[in-house]
Amino acid sequence: MDADLSDHPFIDAPAVDLDEKSGSTAQRSLYDDVEALFTDARTYFDAELTYQKSRAGFVANRLKVTIACGIAAAFLAVLALIGLTMGMIIALTPLITAWGATAVVVFGILLIAYLFVRRAGKAWRDLTGVMSSSQEDAGQND
């Protein structure tokens, strides 16, 4: 059962040319391969770190702009609601006096606020219900 291995490409392979410019050939060692691997890994790590830093900087910048524009929009919306409230009071004053108009507008705003609070409370109960049921399910599986 002597197999002829002389035609196999990995048996008696020629030396690998490491330095093509000088024309010298040398056999690469495992140490050289591991060293090249570490060098490549370090280069990749540095490039990835630089990329992630620039990405984080971009996200931080966009987050600042988003927050600033959101605050400005909320401020302007509050001013608009104040103007609407005052306009409604002024418009209703000839019909039901200044005190009556103020009471109707304030009552309407408080009613809307109450409806929002009820909706927020329902959403909170739904959220806590889901979280507590998932914790109970996880406790039963242990």
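Since the model is a prediction, treat every value here as computed from it, not as a measurement.
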Spacing of [X] atom [atom1] and [Y] atom [atom2] [to the nearest 0.5 Å]:
X	Y	atom1	atom2	answer
Arg55	Glu48	CZ	CD	8.5 Å
Thr43	Phe38	OG1	CZ	13.0 Å
Tyr44	Leu49	OH	CG	11.5 Å
Thr85	Met88	OG1	CE	6.5 Å
Tyr114	Arg118	OH	CZ	4.5 Å
Asp40	Phe45	CG	CZ	15.0 Å

With respect to Thr93, which candidate in Ile96, Thr97, Leu95, Ile89 satisfies the side-chain contact (heavy atoms from CB on, under 4.5 Å) definition?
Ile89

Which residue is it: Thr66, Val65, Ile67, Ile71? I am looking for the one with a side-chain contact (heavy atoms from CB on, under 4.5 Å) to Cys69.
Val65

Less than 3.5 Å apart, any donor N or O on the side chain of Asp32 or Ser29 sitting next to an acceptor on the other?
yes

Where Ser132 and Gly129 come nearest, the two heavy atoms and their spacing:
OG-O, 3.2 Å

Verify the cluster assignment for Ile90 and Val106: are they in a single hydrophobic cluster under the rule of side-chain heavy atoms below 4.5 Å apart?
no

